[in-house]
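The structure under discussion appears below in the form of structure tokens.
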Amino acid sequence: MEAIPLAVRRRIIYLYEHGKATREIAAALGYCVAAVRRIRQQFRERGTLVPQTHLRGAKGRFTPRRQHQLRELLVRQSDATLAELAGGMDFHVPVSTLDRWVKKLGFTFKKSPSGRRSRRGPTCWPGGTAGTPNSKTFPRKS
């Protein structure tokens with residue numbers, strides 16, 4: 001839901017200060033009585049008509065200080081697991097949350113190859129079809 005525009009809020013206060021009733025203002029401007037009453041209440045309590053849209057939602061825990069702390073941990077222990085990194089933080093962090101934070105910082109968990117890759121051989125005999133029995137391995141019964 002969008003906030004009531006500032007111009008309409010000013011008009012509501014102007015009409016109210018000039019003796020109009022809340023119901024009359026609501027009917028004239030096309031808003032419900034509760035919305036007009038709420039605008040008047042907010043103006044009385046806060047002294048401003050600017051809508052408070054920035055106060056919604058929970059505050060994030062990934063503060064710049066914690067970003068710095070996690071970045072230092074990643075540089076110091078580049079081969080650490082997420083669980084080990086979570087243990088190095090100053091508060092309890094779920095591993096899934098830490099995974100998102102690491103990605104936001106631009107780090108990845110790609111492992112570099114340390115050894116020779118395993119080699120796979122053929123999975124069927126020459127001339128055979130994959131997934132079907134071969135006469136050399138499964139003799140047919142007559």
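Between A80 and E84, the closest heavy-atom pair is CA-OE1, 3.1 Å. Closest non-hydrogen pair, L49 versus I13, comes out as CD2-CG1, 3.6 Å. The shortest non-hydrogen separation linking A35 to I4 is CB-CD1, 4.0 Å. For the pair H92 and R61, the tightest heavy-atom approach, listed with the atom from each and the gap, is O-NH2, 4.3 Å. Between M89 and R66, the closest heavy-atom pair is CE-O, 4.0 Å.
Rounded to the nearest 0.5 Å, atoms CG (D90) and CZ (R65) are 4.5 Å apart. In this structure, the separation between NE2 on H68 and CG on L73 is 10.0 Å, given to the nearest 0.5 Å. The distance from the CZ atom of R46 to the CD atom of Q41 is 10.0 Å, given to the nearest 0.5 Å.
Using cut-offs of 30° and 60° for the angle between ring planes, the F91 and W101 rings count as tilted.
Sorted by first then second residue, the side chain to side chain donor-acceptor pair (under 3.5 Å) pairs that include residues 14-25, not counting sequence neighbours, are Y16-R40, T22-R40. Counting only residues at least two apart or in different chains, salt bridge (Lys or Arg N to Asp or Glu O under 4.0 Å) contacts with residues 94-105 comprise D99-K103.
Under the 4.5 Å side-chain criterion, counting only non-hydrogen atoms from C-beta, L70 is in contact with L98. Under the 4.5 Å side-chain criterion, counting only non-hydrogen atoms from C-beta, Q67 is not in contact with T63. A heavy-atom distance below 4.5 Å is not found between the side chains of I25 and R11. Proximity of R9 to P51: side-chain heavy atoms (C-beta onward) are separated by under 4.5 Å at one or more points. In this structure, the side chains of V8 and Y31 come closer than 4.5 Å at one or more pairs of heavy atoms.
No side-chain donor-acceptor contact under 3.5 Å links R71 to the backbone of L105. Of the possible donor and acceptor atoms, none in the side chain of Q77 sits under 3.5 Å from a partner among the backbone N and O of L85.
Looking at residues two or more places apart in sequence or on another chain, you find a side-chain contact (heavy atoms from CB on, under 4.5 Å) between A26 and V33, V36.
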